[in-house]
Amino acid sequence: MPLIIYDFGKEELSVLRKRCIHILGYIVYSLIATCKSAGVEPRTRIEDILHKIPYCERDEKDMTELLPSNWVKSNQTCSE
């Protein structure tokens with residue numbers, strides 16, 4: 001299969017950058033909203049998930065433990 005090279009002009013690149021920024025914004029907003037709805041501090045959960053993802057991939061672990069409800073169960077701390 002031949003390599004197809006696209007020659008984007010400045011306008012096309014600008015539009016692509018803006019779309020990528022919007023998509024990333026939606027993803028981050030969604031992560032923060034999910035954390036808040038689960039009653040978890042967003043920064044703590046996101047840092048923990050970003051730390052665990054490479055190990056889950058390497059060890060071929062099931063990533064369902066990183067879902068909000070499962071993450072809350074496995075990371076609860078006793079306040080007493």
Side-chain angles (χ1 to χ4, degrees):
M1 180 181 285
L3 178 64
I4 299 172
I5 299 174
Y6 293 100
D7 185 20
F8 290 111
K10 287 183 180 182
E11 278 189 41
E12 290 88 355
L13 284 176
S14 177
V15 170
L16 286 173
R17 285 187 190 116
K18 287 178 184 178
R19 287 185 182 172
C20 288
I21 289 169
H22 287 281
I23 291 169
L24 289 173
Y26 293 138
I27 291 169
V28 170
Y29 181 79
S30 174
L31 284 170
I32 291 171
T34 302
C35 291
K36 287 183 177 182
S37 69
V40 178
E41 207 245 296
R43 183 178 180 146
T44 304
R45 180 168 182 264
I46 293 170
E47 283 179 354
D48 187 58
I49 289 172
L50 290 175
H51 176 73
K52 288 180 179 177
I53 286 174
Y55 298 105
C56 286
E57 289 177 346
R58 181 192 68 195
D59 301 337
E60 296 180 6
K61 284 184 166 179
D62 185 18
M63 287 194 187
T64 57
E65 70 180 46
L66 303 178
L67 294 172
S69 57
N70 298 340
W71 187 89
V72 170
K73 291 176 191 173
S74 66
N75 289 288
Q76 285 179 341
T77 57
C78 183
S79 59
E80 297 176 26

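Just so it is clear, the values below take in all heavy atoms, side chains as well, and ignore hydrogens, waters and symmetry mates.
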Legend entry - ILVMFWY network linking I27 to M63, side-chain heavy atoms under 4.5 angstrom: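 No.
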Inset, instruction - Check whether V40 and L50 end up in the same hydrophobic cluster, where Ile, Leu, Val, Met, Phe, Trp and Tyr are linked by side-chain heavy atoms less than 4.5 Å apart. - result: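 No, separate clusters.
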Legend entry - Donor-acceptor contact below 3.5 Å, side chain R45 vs main chain I32: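 Judged by distance alone, no pair lies under 3.5 Å.
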Inset, instruction - Evaluate whether atom CZ of R19 has more than 12 neighbouring non-hydrogen atoms of other residues, nucleotides or ligands under 6.0 angstrom away. - result: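 At most 12 heavy atoms, drawn from other residues, nucleotides or ligands, come within 6.0 Å of this atom.
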Legend entry - Enclosure of E60 CD (heavy-atom neighbours >12, cutoff 6.0 Å):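 No, CD of E60 has 12 or fewer neighbouring heavy atoms, counting only those of other groups under 6.0 Å.
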Legend entry - Least distance between heavy atoms, L31 atom then I46 atom: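 Distance-wise, the nearest heavy atoms are CB-CD1, 4.1 Å.
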Inset, instruction - Would you please name every residue forming a side-chain contact (heavy atoms from CB on, under 4.5 Å) with H22, sequence neighbours left out? - result: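 Per chain and number, H22 pairs via side-chain contact (heavy atoms from CB on, under 4.5 Å) with K18, Y26.
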Legend entry - Check: D48 and T44 side chains under 4.5 Å, non-hydrogen atoms: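 The answer is no, as the side chains (C-beta and beyond) never meet within the 4.5 Å cut-off.
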Inset, instruction - Please tell me if the side chains of E11 and V15 come closer than 4.5 Å, counting only heavy atoms from C-beta onward. - result: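 The answer is no; the side chains never approach within 4.5 Å.
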